[in-house]
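In what follows, a structure is listed as structure tokens, so that the remarks can point back to it.
Predicted model only: the values in this text are computed from it and were never measured.
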Amino acid sequence: MQVGQPPPDRGILPGQVGGFCRVKTPYHSPGLWSTEAAKGFLGYALPRLQLQLSLIFLLTQCLHFLSRPLRFQRVVAEILAGIILGPSVMGQLPKFTETLFPEEGNIFLDSLSKIGFVFFMFIAGVQMELSSIRTSGSKAWTIGFVSVLIPIVLGTCLSEGFQYIIPLYYVPAANAIVGIQTLTPFAVVACLLIDLEIVNSELGRLALAATLISDVISSVFTTWVRFALSRWSLVTIAQSLFLSLSSIFAIASIGRPLFLWIIKQTPEGKPVKGVYIVLVSLIVLMSAVISDIVGLQYQFGPLVLGLAVPSGPPLGTTLVERLQTLATGLFAPLMVTTCGLKFDAFQLYDLRFLQLVWLFFVVSAGIKVMSVIIPALVCRMPLRDAIILSIIMSAQGIVELALYQNYFMNQTIDEETFASATISVLLTDIITTRLVRYLYDYSKKYTGYQRRDIQHLAPNAEFRVLACTHRHDDALSAIKLLEMSNPTKESPIGAYALHLVELVGQASPILINHDLGQRASVSGFRSTEIVDAFHTFKELHPGLITMQAFTAMSLPRFMHDDVCSLAFNKLADLIILPFHRKWNQQGKLMLDSSVTRAMNRQVLDLAPCSVGILIDRHKMRRSSHNSSVFRVAVIFLGGDDDREALAYGLRMAASPGIHLSVIRLMARDDIEEDEWETVLNTESLKEIKFQSSVQANVVYREEMAKDGSQTALTVNQLAEVFDFIMVGRRHREDSTLLSGLMEWCEFQELGPLGDMLASMDAKKAVSVLVVQQQKNKTKIKVS
């Protein structure tokens with residue numbers, strides 16, 4: 001028997017009815033040596049499939065490259081590639097479709113596209129961190145619930161009214177359009193946010209949280225409707241629900257421990273072994289089979305499994321790197337491209353019906369947008385952000401196309417509706433991407449909707465601090481500052497230590513979580529000393545300090561993203577940054593890092609919370625050995641940053657070992673400041689005045705200065721008296737107290753007072769914390 005030939009027919013016994021029929025499907029071409037067969041090699045399934053994949057991949061990449069200046073999503077190129085290779089363009093060539101994309105060959109493309117879609121959903125789940133969703137609060141739940149409720153109610157009303165206002169044979173198509181248009185697929189929104197590079201922003205996290213809630217509620221509702229409309233008995237419905245819930249629980253409960261075990265077997269800083277990646281891929285396919293068997297959509301199991309994977313390195317990052325290129329870069333887009341292959345523009349001839357179809361699209365899209373904007377405005381979101389959120393949650397992509405394709409294959413919708421739906425998804429993707437990029441302010445990537453600072457921290461809340469270090473002495477300074485921050489049982493400190501390591505060349509960035517139980521590797525020795533110092537500090541304060549240690553290895557231009565992302569994920573109230581200059585104990589400059597300074601400036605611009613630049617001149621650590629009292633001063637001129645420094649000082653003053661002095665500098669002839677700022681400054685100083693009257697370790701005094709020179713003289717005198725001084729970074733540009741000081745300011749990121757204190761000679765050198773309160777949505781000018 002030759003290769004490619006079917007097995008010999010054994011025939012049917014007399015009187016027996018054949019249960020199936022055999023079709024000869026030649027798979028492998030005999031090659032060039034068989035001249036006659038070589039002429040028609042496209043008649044063989046395998047070489048035809050290989051040529052199909054090559055053409056689709058090549059055309060998709062070319063279109064995506066050409067559309068880069070317009071910054072469209074990749075799905076736009078995938079749809080266009082399918083349309084070009086389909087009957088609308090290339091299909092007009094004689095025998096093109098019959099030769100290269102015959103009907104009998106579609107089963108292979110469809111199978112590969114479904115496998116790619118399974119891994120696409122899995123990776124979408126891997127890239128999302130459920131813990132961040134749980135912290136989104138009532139805003140995400142309100143938007144997610146209402147964005148489902150309004151479209152379902154109005155969609156149901158429209159579906160009921162369709163049978164009275166349109167011909168009956170249009171009703172199934174109308175119901176399918178309205179049903180799909182009201183969905184908010186989590187995977188589609190996640191891919192859009194990743195493509196727009198705002199997945200780690202506050203708006204992106206809110207969109208993901210609301211989308212996931214919306215997707216789960218709509219899935220439950222759809223399942224309930226399917227059961228309600230079925231003619232099954234209650235026992236059958238109960239069994240189906242039990243199997244569905246049990247399969248989801250089994251996938252999550254088996255997958256999560258397995259993934260944690262894999263992480264423990266992987267040394268810190270090392271990639272996951274290939275055998276584990278193969279094992280995870282096998283489990284992904286099995287989860288799809290289980291979902292399909294119990295009656296769920298086959299892609300639902302892989303999504304649940306992906307959510308069970310601990311996000312980030314080592315496992316999550318490695319899975320995305322290994323699977324994204326082949327599975328989601330080649331096979332998953334086939335789902336989109338095959339929809340384009342089925343698009344036939346020459347089937348769009350019934351203009352009356354097309355008008356109704358596009359009316360359904362526009363009305364459904366309008367309902368979806370308004371169902372997001374209304375609850376967002378009720379939750380007091382800015383109008384601009386509410387509009388952006390509604391556009392993001394109205395995005396469409398591979399999930400909608402897969403559903404339209406299913407309806408088309410089971411003949412719920414006809415060719416005209418399917419073609420219109422394909423164009424609708426294409427236009428929606430183009431419009432969505434352009435509008436979000438136009439409306440979204442990328443300079444506010446990490447700007448939040450909640451206060452994350454010290455001034456507005458509740459008295460009994462956990463004080464979360466991200467301490468960034470480059471060297472061991474940075475860790476010692478940060479630990480001393482944390483000790484001064486007065487951790488108590490009522491208000492403990494949640495400390496996150498981040499060791500920043502600069503990568504050289506084209507090495508891949510790595511984020512190591514030292515608390516995952518991984519085995520220590522040789523490459524992690526640089527962080528061991530720093531991590532041990534923070535953990536020792538934690539052990540000295542049992543029940544008062546919680547500690548997590550991380551190491552971020554990245555290129556210098558990306559270090560600020562590591563800092564801001566971790567602070568955002570951990571809901572930090574304060575980021576502590578080391579100053580870029582280092583002095584020895586004799587006051588001699590021994591380090592001046594331009595990389596550290598650039599990172600500090602970028603963090604100040606993008607930070608999702610308050611920031612403090614710590615200038616350690618060894619005085620804060622030496623004084624603790626010489627005296628039982630630590631002398632801290634806050635220089636107060638007024639403004640957000642000074643109020644933040646004052647709030648931090650009040651927290652420190654609750655410790656009996658801290659002696660706090662607040663010095664308010666006032667100008668004799670100053671320009672009147674904003675009335676609201678005056679009210680805020682007065683309210684902040686009320687507390688310190690009261691504390692100074694009841695606490696012996698708190699002192700408040702006011703000093704007058706007529707100009708910047710007198711301010712500088714006062715600051716110089718304070719540096720000789722105190723061990724540690726806190727100042728605000730930003731002040732009014734027209735303040736008389738700072739006149740002339742800006743011209744001599746060497747480090748703009750410190751502000752005039754911080755720059756002056758950092759430039760002190762060795763005899764007057766004092767340790768300083770320059771504080772910047774969490775930025776508002778409006779830009780604040782830096783003096």
Test item: [X] and [Y] side chains (from C-beta on) under 4.5 Å apart, heavy atoms:
X      : Y      : value
Met726 : Val632 : yes
Val611 : Leu577 : yes
Ile545 : Leu482 : no
Leu208 : Leu193 : yes
Cys609 : Ile575 : yes

Checking the side chain of [X] only, and the main-chain atoms of [Y] only, is there a donor and an acceptor separated by less than 3.5 Å?
X      : Y      : value
Asp453 : Ser610 : no
Asp641 : Val727 : no
Glu462 : Pro492 : no
Glu644 : Ile454 : yes
Ser692 : Lys689 : yes
Asp573 : Phe463 : no

query: Can you find a side-chain donor-acceptor pair between Ser485 and Tyr648 that sits under 3.5 Å?
result: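 Result is yes, a qualifying pair exists.
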
Looking at [atom1] of [X] and [atom2] of [Y], how far apart are the two atoms once the value is rounded to the nearest 0.5 Å?
X      : Y      : atom1 : atom2 : result
Leu637 : Arg730 : CG    : CZ    : 14.5 Å
Leu258 : Ser253 : CG    : OG    : 11.5 Å
Asp755 : Arg729 : CG    : CZ    : 11.5 Å
Leu769 : Met652 : CG    : CE    : 6.5 Å
His731 : Leu665 : NE2   : CG    : 9.0 Å
Arg597 : Glu749 : CZ    : CD    : 4.0 Å

message: If you count every heavy atom of other residues, nucleotides or ligands that lies below 6.0 Å from Phe145 atom CZ, does the total exceed 12?
response: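 Check fails, neighbour count at 12 or below.
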
Where Ala654 and Asn486 come nearest, the two heavy atoms and their spacing: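 Nearest heavy atoms, Ala654 then Asn486: CB-ND2, 3.0 Å.
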
Minimal non-hydrogen separation, Ala210 against Ile143, with atom names: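 Distance-wise, the nearest heavy atoms are CB-CG2, 4.0 Å.
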
task: Establish, for the pair Lys480 and Phe724, whether the NZ or CZ atom is under 6.0 angstrom from the six-membered ring centre and no further than 45 degrees off its axis.
output: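 Lys480 over Phe724 ring: no.
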
task: Cation-pi check, Arg452 to Phe568: give yes when NZ or CZ is under 6.0 Å from the six-membered ring centre and within 45° of the ring axis, no otherwise.
output: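 Cation-pi check for Arg452 and Phe568: passes.
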
task: In plain terms, say whether Asp474 and Arg471 are close enough for a salt bridge, that is, a side-chain N and a carboxylate O under 4.0 Å apart.
output: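 Arg471 and Asp474: not salt-bridged.
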
query: Is Asp592 salt-bridged to Arg581, cutoff N-O under 4.0 Å?
result: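 Between Arg581 and Asp592 there is a salt bridge, with a charged N closer than 4.0 Å to a carboxylate O.
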
- request: Quick one: sort the Trp261 and Tyr276 rings into parallel, tilted or perpendicular, breaks at 30° and 60°.
  value: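 Rings of Trp261 and Tyr276: perpendicular, as their planes differ by over 60°.
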
